[in-house]
Amino acid sequence: MKYDFRRVEAKWQKRWAEEGLYEVPDFSDRPHYYCLEMFPYPSGKLHMGHVRNYSIGDVVARFKAMNGFHVLHPMGWDSFGLPAENAAIKHGGVHPADWTNSNINAMREQLKQLGFSYDWRREFSTCEPDYYRWTEWLFLQLFHKGLAYKKKAAVNWCPSCATVLANEQVIKEGVCERCKTVVEKRELAQWFFKITDYAERLLKDLELLPGWPEKVKIMQENWIGRSEGAEINFPVAGSDDIITVYTTRPDTVFGVTYMVLAPEHPLVEKLIAGTDKEKEIREFVRKVQRLSEIARTSVETEKEGLFTGAYCINPLSGEKVPILIANYVLLEYGTGCVMGVPAHDQRDFEFARKYGYPIKVVIHPPGAGLDPATMEAAYEEEGIMVNSGRFDGLYGREGIRAVTSYLEEKGWGRSRVNYRLRDWLISRQRYWGAPIPIVYCDKCGTVPVPEDDLPVLLPRAVKFKPTGRSPLAECPDYVNTACPSCGGKARRETDTMDTFMCSSWYYYRFTSPGESSGPWDQAKTDYWLPVDQYIGGVEHAILHLLYSRFFTKVLYDLGLISNQEPFTNLLTQGMVLKDGAKMSKSKGNVVSPEDIVAAYGADTARLFILFAAPPERDLKWSDQGVEGCYRFLNRVWRLVAPLADVVRQAPTAVSGSLAGVNREMRRATHFAIKKVTEDIGSRFNFNTAISAVMELVNTLYQYREVPEADREPAVLREAVETLIILLAPFVPHAAEELWEITGHTGSVHRQPWPSYDPQAIVEDEITVVVQINGRVRDRILAPAGVSPGEMREMALKEERVQKLIGGREIVKVIPVPGKLVNIVVK
RNA sequence: GCGGGCGUGGCGGAAAGGCAGACGCGCUGGACUUAGGAUCCAGUGGGGAAUACCCGUGCGAGUUCAACUCUCGCCGCCCGCACCA
């Protein structure tokens, strides 16, 4: 009798759906638990990364449910996005909506075949008007709060995707996060969200997230990039202009020997206009701007600067300081200029040496001096202020504070906290996204679409060409509209929203997916949120997770939700590798989940993926490993199926005291409960949980060989039932079938999780290891409750130990209760 | 350069200062069999005839009765950030 996974998996998937086994009521008296995995973009088919992500989530959801929690475990589709539109361009004819929906249908089918415990009634897709209506609505809330604004700025432009990108979507070496094309800068008017207003809270509230991996928190911290310092005003000599510089080292201000502006700095034009430097400087600015973002910001790029001919005045020292421009100064950071302090900044030091600017020492290391002539590197540590007039003698932070308050007193500057974080650019020059609900009227200006007029529907008939202009702009019926304010002729905004906006609030929608009077029912979000366990790839450490945190804080401030953070616990799963590399079409090392499910079944696929590595680590795919898991399931089947009748007829309670093999069997059963419960419940170590179940199976195989007369039926029954229940979160179909054939009615997934009997796992006898000088030399059997003193006695008495010690002097004996005795001899 | 992670048999991985290698894969042998690429049982870090003994968790020091585990210094691989003023 072979385990027929095709029949069994289909049978239970059908029955679960019919019985609504995974449908979750909105409320319950039981403690609630929201288990969520990052919903997928419907790219076509599931890949192994999805299977891993969702298998992990399913174990957690099922385990929590069996432990008495009321578990929300939903699934949906992050369905706006470029690939749909690119497919339309490439294959002609196919509309993004149709392409997307057919992908969703295929992937939903795959998810169902994998047997995940989703409440499918809550499914939604972000490209449906019912959903994006509320994405638009949320945009309006941000707009009304002054958190959405349009401005002209030098923005990241991906020539391949033919759209702008947010800073977070430009990754290492300055390439597009999606297509890895080198990103360019373009001067465009774009919509932004003021995420910078929330920089401090986004940083500080990371402390509220002990359940997040340290790594992710550090990445967010670095991205936000908080620094403390001061702004200092340097008046331009012979003019009313002022150069405001940001520095983290106001204590070095007396050491400034030049000032550098970013080439794009607005003051540059003014400084050079009509001077003999004009031509030379313009040439230089053009040269710098021609450089790509990568070359521009690479450490390797040679630092180049040019004197503008103008000077400014150091307000503290009164010194006249030359103003230059240089390629390494970024307009976007701080105030777009840098004060050059060669003695105390390595970069400035090298720059000054190259161009011959003086090096002026204003900080001395404690107990030592510095000589500019012989210095080989800048002194960047803290130290004692010198050559700094009234501030001489102040040390480190003290000096910084003194200089800053003096500046404030004189009105020459102020203390300032600076962030690396930039505002979130959300407009995209593409079609397949949520429309930005804004109308431009010649008379009334920028007018938000009234909430009652939402959703602004995406028109279906549109030409898709990656021209760099928004496709909606070519669609007169869409563009031309009446001004909501004056009724006159007006034009709609034709850019759409970044899809990260859709995924920044979807986890609220799952609580009330059909809600039509608002984005969600607040009673339900108050009940379920925050998400107790969120699971997904680390590639979203900054992007999605930072945006979602930002949204949550805005929504909280708007009084729309009651939680300050969206995700209490975060699990970032590792990648699925094959042949030492991430699975990818270009590498040709892709294993298709469909093929695995067809050949071995969903349970085997899930079991392998959970068994092969702990969830946070990368997983190395192994066809033989899959084979092994398949064999294990068959081994379980061959064990349990023939015992089904025995189990069925056995008494449910173990009566009387047990001895010998029966006691051993029961111990193995309860030990497995303990191990699996701890491994899933507190560590997410599914691999070791599964190995514990395998050990229980191995013990059962031995127990099966015991003559029937010597076996205790109740012990066998308990062992088999426990085995099935422990398997249920990992291999839900097989467990359900085994549960049924062993005579149970009702789903195994509705069974309470077993607890172990501490008495049952107590050993009668333990093996005590005897070490001599830390090396294992003997093992002795001792009664379970043996005291350290008795252990010591027993070990020393042992003949073999005596012999090995010989005549040597015993220095020390260390008994470790229940484990070992270490005898130290000389 | 800065920050984080990892380094254990032929392979995936166990071991939360206390018997290194659980569990699985692979391999070897046996049983069953017309057959076995199924199944069951046993063995399996290296050296060694050995249940003796020695060696062994990237390398080198240290702490400890005891170190894969803690500390310090290197080496290698991976990830993130990087002219941030």
Please work out if A:G628 contacts a base, only the sugar-phosphate, or nothing of the nucleic acid, heavy-atom cut-off 4.0 Å. sugar-phosphate
Under a 4.0 Å threshold between the charged nitrogen and the carboxylate oxygen, would A:K675 count as salt-bridged to A:E695? no
Can you see if the side chain of A:R635 gets near the phosphate of B:rC40 - specifically, an N or O under 4.0 Å from OP1 or OP2? yes
Counting side-chain heavy atoms from C-beta on, which of B:rG13, B:rG18, B:rC84 comes nearest to A:A613? B:rG13
Taking the same atom, C1', in B:rC68 and in B:rG21, what whole-Å distance lies between them? 11 Å
Any salt bridge between A:R353 and A:E350, counting N to O under 4.0 Å? no
Please classify the nucleic acid contact of A:D618 as base, sugar-phosphate, or nothing, using heavy-atom distances under 4.0 Å. sugar-phosphate
So, is A:K620 close to the B:rC11 phosphate, meaning a side-chain N or O under 4.0 Å from OP1 or OP2? no
If you look at every strand shown and take non-hydrogen atoms under 4.0 Å, does A:T247 touch a base, only sugar-phosphate, or nothing? sugar-phosphate
Rounded P spacing from B:rC25 to B:rC79 in Å: 31 Å
Is the ring pair A:F351/A:Y357 parallel, tilted or perpendicular, if the boundaries are 30 and 60 degrees? parallel
Separation of atom CG in A:N222 from atom C1' in B:rC84, rounded to whole Å: 12 Å
Atom CG of A:L696 to atom C1' of B:rA22: distance rounded to whole Å? 15 Å
Which whole number of Å gives the distance between the C1' atom of B:rA15 and that of B:rG30? 32 Å
Side chain of A:R638: nearest nucleotide among B:rC19, B:rG3, B:rU39? B:rU39
Indicate, with a heavy-atom threshold strictly under 4.0 Å, whether A:V329 touches base, sugar-phosphate, or nothing. base
In Watson-Crick or G-U wobble terms, with both distances under 3.5 Å, the base opposite B:rC81 is B:rG1
Distance, rounded to the nearest Å, where A:Q771 contributes CD and B:rU64 contributes P: 17 Å
Reckon A:R777 has a side-chain N or O less than 4.0 Å from the OP1 or OP2 of B:rA52? no
Contact under 4.0 Å: A:R617 side-chain N or O vs B:rA14 OP1/OP2: yes
Looking at A:K215, does any N or O in its side chain come under 4.0 Å of the phosphate oxygens OP1/OP2 on B:rG5? no
Nucleotide forming a Watson-Crick or wobble pair with B:rA22, both distances under 3.5 Å: none
Report the base-pairing partner of B:rU39 (Watson-Crick or G-U wobble, both distances below 3.5 angstrom), or none. B:rA31
For B:rU63, the Watson-Crick or wobble partner whose two distances fall under 3.5 Å: none
Would you mind reading off the distance between A:F730 atom CZ and B:rC23 atom P, rounded to a whole angstrom? 17 Å
Any side-chain N or O of A:N698 less than 4.0 Å from the OP1 or OP2 oxygen of B:rC41? no
Does B:rA85 have OP1 or OP2 sitting under 4.0 Å from an N or O in the side chain of A:Y333? yes
Determine: side-chain N/O of A:R631 to OP1/OP2 of B:rG26, distance under 4.0 Å, yes or no. yes
Classify A:Y701 by what it touches in the nucleic acid, base, sugar-phosphate, or nothing, heavy-atom distance under 4.0 Å. sugar-phosphate
Would you say A:N687 reaches B:rA14's phosphate, i.e. side-chain N/O to OP1/OP2 under 4.0 Å? yes
Measuring only the P atom in each nucleotide, how far is B:rG13 from B:rU51? A whole number of Å is fine. 31 Å
With a 3.5 Å cut-off and just heavy-atom distances, do the side chain of A:K303 and the base of B:rC83 make a donor-acceptor pair? yes
Just call it for A:L330: base, sugar-phosphate, or nothing, with non-hydrogen atoms closer than 4.0 Å on any strand. base
Say whether, by atom type as modelled, one donor and one acceptor occur between the side chain of A:R606 and the main chain of A:F730 under 3.5 angstrom. yes
Hey, are A:K354 and A:E304 close enough for a salt bridge, meaning a charged N less than 4.0 Å from a carboxylate O? no
Does a side-chain N or O of A:R775 approach OP1 or OP2 of B:rG56 to a distance below 4.0 Å, or not? no
Watson-Crick or G-U wobble partner for B:rC53, using a 3.5 Å limit on both distances? B:rG47
In plain terms, say whether A:R631 and A:E627 are close enough for a salt bridge, that is, a side-chain N and a carboxylate O under 4.0 Å apart. no
B:rG43: syn or anti, with syn meaning chi within 90° of zero? anti
Checking only heavy atoms, does the side chain of A:R683 share a donor-acceptor pair with the base of B:rA16 at less than 3.5 Å? yes
Looking for any heavy atom pair under 4.0 Å, which part of the strands does A:I218 touch: base, sugar-phosphate only, or nothing? sugar-phosphate
RNA chain B: 5'-proximal contact among A:P614 and A:V824 (nearest heavy atom): A:P614
C1' spacing across the pair B:rG47 / B:rG80, given as an integer number of angstrom: 44 Å
Tell me if the side-chain of A:N822 makes a donor-acceptor pair with the base of B:rC65, cut-off 3.5 Å, by modelled atom types. yes
Can we say A:E763 and A:R667 salt-bridge, meaning some charged N sits less than 4.0 Å from an Asp/Glu carboxylate O? yes
Could you measure between the two P atoms, the one in B:rC11 and the one in B:rG5, and give it in whole Å? 25 Å
From CG of A:L804 across to C1' of B:rU51 the rounded distance in Å is 14 Å
B:rC84, OP1 or OP2 - any side-chain N/O from A:R347 closer than 4.0 Å? yes
Taking the six-membered ring for Trp and the full ring for Phe, Tyr or His, determine whether the centres of A:F632 and A:F611 are under 6.0 Å apart. no
Cationic tip of A:R416 within the cone over A:Y246's six-membered ring, i.e. under 6.0 Å and within 45° of the normal? yes
